[in-house]
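Everything on this sheet refers to the single structure shown next.
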Protein chains: 4
Amino acid sequence: MEQKNKNNKYNLILEAAVKVFAANGFYNSTISQIAKEAGVADGTIYLYFKSKDDIMANFFSYKTKQVFDRFREVVELADDAVEKLRNLVRRHLEEFQADRNMAVVFHNEARQFHQGDVQISDITQMYLDILGEIIEKGQEEGQMRRDLYISLVKRYIIGAIDEVINTWVHAGGKYDLVTFTDPLVDLFINGIGSNINQNNNVR
Amino acid sequence: MEQKNKNNKYNLILEAAVKVFAANGFYNSTISQIAKEAGVADGTIYLYFKSKDDIMANFFSYKTKQVFDRFREVVELADDAVEKLRNLVRRHLEEFQADRNMAVVFHNEARQFHQGDVQISDITQMYLDILGEIIEKGQEEGQMRRDLYISLVKRYIIGAIDEVINTWVHAGGKYDLVTFTDPLVDLFINGIGSNINQNNNVR
Amino acid sequence: MEQKNKNNKYNLILEAAVKVFAANGFYNSTISQIAKEAGVADGTIYLYFKSKDDIMANFFSYKTKQVFDRFREVVELADDAVEKLRNLVRRHLEEFQADRNMAVVFHNEARQFHQGDVQISDITQMYLDILGEIIEKGQEEGQMRRDLYISLVKRYIIGAIDEVINTWVHAGGKYDLVTFTDPLVDLFINGIGSNINQNNNVR
Amino acid sequence: MEQKNKNNKYNLILEAAVKVFAANGFYNSTISQIAKEAGVADGTIYLYFKSKDDIMANFFSYKTKQVFDRFREVVELADDAVEKLRNLVRRHLEEFQADRNMAVVFHNEARQFHQGDVQISDITQMYLDILGEIIEKGQEEGQMRRDLYISLVKRYIIGAIDEVINTWVHAGGKYDLVTFTDPLVDLFINGIGSNINQNNNVR
DNA sequence: CATGAATGAGGTTTCATTCAT
DNA sequence: GATGAATGAAACCTCATTCAT
């Protein structure tokens, strides 16, 4: 039960921190604000986290990672590569829409925050790996072109999703994000070109 | 000449600041570090900038903007929409490769930094506008599909480019970024799908 | 007890500040000096006061005001107007003699310091009010002339007392200030003129 | 002519400084503000004054002193002591009314500013001396009481005048100050007591 | 475990003063 | 003499972190 309590307070503080970070950014947030938001004393935070940086590190290690971990589940539910990609994109948009504070912090702070460069790289790497597997499968099964620069394709997909979420975040999260699943996947698969010039645009 | 001198020191400090920001991030950089890097006294910085924030604001207002302003030139050099897009992407990668510190700061800090939200939005908006024009032209001329969700397409393109640069930045800028121009444009135009499933992937 | 502690440190810092201000003047005093004098860390001061200015504001709001508040008590102890005036003057001189640092700061800084002009005006106004009441009573009872320009009389009395204290302060507080009570009141009541020219000096 | 020019600029800067000090107080005024007000470069000020403090010192040494020096003239014009006092008070009010900036600075800063305690003491001492002479003459001639504590009487007069000016300054200098000459002198000579209790109020 | 008062290092910013032009 | 860009010392204030209770 103690463990449970500890866990509860750990999560309580982490959620509070994410909320405060989302509102003010990491560097403009204070331990006092987080403590107040969590309803605990300033000092209590140091019973669960080593430092302010460590809160952020934990956000990436646990909170964010736990979300990303669930991505693989839906990928496995689909049979073909395109559906796997579609499931991945949908789940990604769903999760970020469901926890806007997380989305804000992830988007605003991920590029800033390096602590041994571990946490964020881990998450990104995992994401890249899933994408790599999907693409390879798509190539094997003929759904995807074989002449792809795979590491570029991964970035291309991640970047587009990321920017769509980013726009949504900055718009205040007012519209439905999941709606963009199919249009996005369509762009990934078909691009924006008309059929006519399919075969003559790469020199 | 006075004007020149003034300009020189303004630029001297701005370059120094960008270098320091690129190395440590905005919040972990100090005025003293910037002054040292610029070879001036701390107080001198305040003759050219109102505050530390103002340095960043100027980075976005002048330095970055000046780079982005040059994008339109190359877009106009091309005749058809796909070539315009290709020129835009190439110039984008060229400019960011040519000034890695700028690339780092722009990529790491843009989402953090808001000062009336003006500068960065301005730049992004300008970029979005150029993309919008290119896509519309492509649609008119038949190079691009007419069933596009244009505001999404813009994000899709920006996001992909951004992520490619981001990866390059985090890799230490070691490889040639401009190489990615054609593969990227190919992905934008054709997507990753093989011809077989071109027409049945949107439900 | 917590309240007591808090109060203690608030007063501790306020006393230290008054001492430092008395020695160097407000603008030549530093937070560090005050902290050292109070035996606390610099930062501790900001747990009790919002800013350096706020220390001064509190000096006027609480410390000085509390002294002046006690003036009314002795005024009420006397029956006739002249005795009321005498009690007021005596108490004034007593209080300022008892707390020379307060006297110094009040005399040196009051005219400098404005923060919404509230505190000092309040004190002065209170003093003016008491004087006004005394004079009116004196007129009703026949102890004081009826042809007085009352608002001028108030200034005349305050100014004289103030200057007597000021001289004492600048002399290093070495002599007994309270001694001047009766001579001062005598001057207020009788002026410096001999009886001979009592009635022909105002044209 | 150089000497003339120098003098001109000396006075130009001194006037500008007094204006700026009157508006903001000594410590909240900057050399730049004074330079701007005087229409000269910051550095130029240091050709005429050793330091910021030295400007203030010169204000007391020359500007203020020159005003006070003129007091003696009018004192000598009168024949009897009461008229001398009246002339002194009138001239005092006239001069301060004529140069409100000077009045403001003198009143607000004199108690703050000590530089070897020379200048201000000099002025005050001169004023005290004049008063002393007047009172002694008044006693000799029978216009003033012989049982006066002279050093106290001096303070009593200075303080009252000072406070009347102070009130005028804080009211924005809106009313005519010289009007108070006669009422003030009347108070000095006759006090506020009615004839009835002239001889029994000192124990 | 929890608290929150206290700490003090360190940052930004101001501004009197200097000095090369 | 006059300038004003440059200097850098020094001040105020914040806030992550500690630790006695």
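Lettering follows sequence order; numbering is per chain, from 1.
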Going by atom types only, do C:Asn58 and C:Tyr48 share a side-chain donor-acceptor pair under 3.5 Å?
no
Sorted by chain and number, sequence neighbours left out, ring pair (Phe, Tyr, Trp, His ring centres under 6.0 Å) with C:Phe21 holds for C:Phe26
The salt bridge (charged side-chain N to carboxylate O under 4.0 Å, His left out) partners of C:Arg100 (sequence neighbours excluded) come to none
Between CD1 of B:Ile34 and C1' of E:dT13 the distance, given in whole Å, is 13 Å
(message) It should be established whether D:Lys9 places a side-chain nitrogen or oxygen under 4.0 Å from OP1 or OP2 of nucleotide F:dG1.
(response) no
Rounded to whole Å, the OH-P distance (A:Tyr10 to E:dA2) equals 15 Å
side-chain hydrogen bond (donor to acceptor under 3.5 Å, both in side chains) pairs touching residues 38-47 of chain B, sequence neighbours excluded, are B:Ser32-B:Asp42
Do A:Phe60 and A:Phe106 have side chains that approach each other closer than 4.5 Å (heavy atoms only, starting at C-beta)? yes
Counting primed atoms, P, OP1 and OP2 as sugar-phosphate and everything else as base, the B/S/- map of nucleotides 13-21 of chain F against protein heavy atoms under 4.0 Å is BBSSBB---
If one requires at least 3 consecutive Watson-Crick or G-U pairs with distances under 3.5 Å, the stems of DNA chain F turn out to be E:2-21 with F:2-21
In whole angstroms, the gap separating P of E:dA6 from NZ of C:Lys36 amounts to 20 Å
Whole-Å distance, B:Leu12 CG to F:dA5 C1', equals 14 Å
Sorted by chain and residue number, the side chain to side chain contact (heavy atoms under 4.5 Å, CB included) partners of C:Ala38 (sequence neighbours excluded) come out as C:Leu12, C:Ile13, C:Ala16, C:Val40
note: B:Phe49, atom CZ; E:dT12, atom P; distance rounded to Å ~ 15 Å
Residues at least two apart in sequence or cross-chain that pass ring pair (Phe, Tyr, Trp, His ring centres under 6.0 Å) with B:Tyr62, listed by chain then number, are none
Those residues at least two apart in sequence (or on a different chain) that pass salt bridge (charged side-chain N to carboxylate O under 4.0 Å, His left out) with D:Glu109 are none
5'-most contact on DNA chain F (nearest-nucleotide basis), B:Gly39 vs D:Ala41, goes to D:Ala41
Residues pairing under salt bridge (Lys or Arg N to Asp or Glu O under 4.0 Å) where one sits in residues 26-41 of chain D, two or more places apart or in two chains, turn out to be D:Lys19-D:Glu37
B:Ile45 atom CD1 is separated from F:dG8 atom P, nearest whole Å, by 13 Å
Report yes if a side-chain nitrogen or oxygen of A:Tyr48 is closer than 4.0 Å to either non-bridging phosphate oxygen (OP1 or OP2) of E:dA2; otherwise report no. yes
